[in-house]
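Step one of this worksheet: look at the structure below.
Positions are given from 1 along the sequence. Treat the numbers as computed from the prediction; the structure is a model and nothing was measured. When a ligand or atom number is given, it counts from 1 through the structure's own listing order. No hydrogens, no waters, no symmetry mates; every other heavy atom, side chains included, goes into these values.
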Amino acid sequence: MAADRIVVLTGAGISAESGLATFRGPGGLWEGHRLEEVATPEAFRRDPGLVHRFYNARRRRLLERDVQPNPAHRALARLEAEWPGEVVLVTQNIDDLHERAGSRRLLHMHGELLRIRCEACGQRRSCREDIDCTDACIACGSAGTLRPDVVWFGEMPHGLERIYEALSGCGLFLAVGTSGQVYPAAGFVEAVRASGAARTIELNLEPSAVSRCFAERRTGPAARTVPALVD
Ligand code: BV8
């Protein structure tokens with residue numbers, strides 16, 4: 001039991017006040033498609049151009065000057081710096097706002113928008129510009145094999161073993177800005193409850209699909225509720 005360990009799970013809602021769109025709120029569609037239709041290996045095989053357009057647009061938006069970490073990202077970075085125990089920050093988000101706010105112990109379980117991967121040779125690298133089917137891999141020369149380095153539906157999230165280890169016996173589990181609709185992340189609160197007497201707190205604008213599993217809730221925008229809880 002590491003009662004002084006805090007595990008934080010964040011979702012798209014923590015980046016909403018930085019100007020990044022969430023997935024399932026109003027306007028959560030892309031060219032009329034739901035995320036579950038675009039973010040899959042099948043969609044990439046069927047229409048790679050659509051999928052590249054989807055991620056190129058989100059990458060361009062993320063790199064715009066007005067998109068900056070907000071007080072919620074910064075409060076979690078302070079928590080990591082100042083908490084005497086361990087803080088493990090697990091994000092479902094593929095943006096880099098936690099890093100830019102100063103968080104270091106960070107696990108992108110669904111990958112990173114500013115990285116690409118070659119499906120032929122597996123090479124991963126940083127990427128801050130549009131990619132499409134004509135681009136060739138700089139490592140192996142293959143064309144049409146570059147994809148965003150993100151975890152699509154039906155693909156294995158990153159770091160699950162380490163995440164479940166952190167969840168087991170932690171003293172506090174916070175979920176910030178996630179609708180609790182995507183697994184296995186939505187099941188983390190149950191794993192915490194099964195492993196001991198941790199405090200569980202959900203911070204959201206409205207109840208999520210798994211709100212009933214949390215002992216406590218803080219309702220409101222993350223840029224207000226996270227600093228209020230952390231500071
Ligand atoms: C897998 C990356 C297995 C790409 C994403 C049971 C167990 C295991 C799997 C499944 C299961 N049941 C179903 C599945 C399959 C599937 C799944 O969960 N489907 C759902 C639709 C039912 N899961 C998977 O496929 C996962 N893989 O399980 O693999 C496996 C086993 C063996 C071998 C191979 C594989 C992979 C899922 C990952 C998919 N990739 N993203 C990209 O981002 O483009 S998911 C995507 O949804 C994002 O990562 C996003 O983070 C995630 C969840 O969304 P949220 O972050 O919660 O965002 P959302 O818009 O939904 O909600 C926003 C919330 O914020 C709201 O609650 C809102 O109220 C709140 N909010 C808004 N503004 C604010 C705010 N809160 C506070 N302040 C504000 N200002």
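Cation-pi geometry between R78 and W83 is not satisfied (NZ or CZ under 6.0 Å from the ring centre, within 45° of the ring normal).
The shortest side-chain heavy-atom distance between V182 and R24 falls under the 4.5 Å cut-off. Counting only heavy atoms from C-beta outward, the side chains of R74 and H98 never approach each other to under 4.5 Å. Looking at heavy atoms from C-beta onward, Q92 lies in side-chain contact with T178 at the 4.5 angstrom threshold.
An N or O contact shorter than 3.5 Å is missing between V150 and ligand 1 by distance. Checked by distance only, ligand 1 and G154 come closer than 3.5 Å through their nitrogen or oxygen atoms. Polar contact check, S179 against ligand 1: a nitrogen or oxygen pair lies under 3.5 Å apart. For ligand 1, none of its N or O atoms has an N or O atom of P221 under 3.5 Å away. Residue G11 has no nitrogen or oxygen atom sitting less than 3.5 Å from a nitrogen or oxygen atom of ligand 1, judged on distance alone. Any N or O atom pair closer than 3.5 Å counts here, and E36 shares no such pair with ligand 1.
Taking each of L205, V176, T22, N204 in turn, the one with a heavy atom nearest to atom 70 (C) of ligand 1 proves to be N204. Looking at F23, Y183, F153, Y55 and measuring to atom 12 (N) of ligand 1, the nearest heavy atom belongs to Y183. Closest heavy-atom approach to atom 65 (O) of ligand 1 within the set G177, A209, S15, P148: this belongs to G177. Closest heavy-atom approach to atom 41 (N) of ligand 1 within the set E206, H110, R218: this belongs to H110.
In this structure, atom 51 (O) of ligand 1 lies nearest to the protein heavy atom Q92 CB, 3.1 Å. With respect to atom 40 (N) of ligand 1, the closest heavy atom belonging to the protein is V151 O, 2.7 Å. Scanning the protein heavy atoms around atom 27 (N) of ligand 1, the nearest turns out to be E155 O, 2.8 Å. In this structure, the protein non-hydrogen atom closest to atom 47 (O) of ligand 1 is R24 NH2, 3.3 Å.
Between the CZ atom of F23 and the CG atom of L35 there is a distance of 5.0 Å, given to the nearest 0.5 Å.
At a distance under 4.0 Å, a protein heavy atom can be found next to atom 5 (C) of ligand 1.
With 3.5 Å as the limit, one finds no donor-acceptor pair spanning the side chains of S208 and S179.
When L113, L114, D135, I116 are each tested for a side-chain contact (heavy atoms from CB on, under 4.5 Å) with C127, only one passes: I116. Residue T225 forms a side-chain contact (heavy atoms from CB on, under 4.5 Å) with just one option from L203, I201, V230, L205, and that option is L203.
When every heavy atom of R217 is checked against every heavy atom of S211, the shortest pair comes out as NH1-O, 2.9 Å. The heavy-atom pair separating L146 from F44 by the smallest distance is O-CZ, 3.5 Å.
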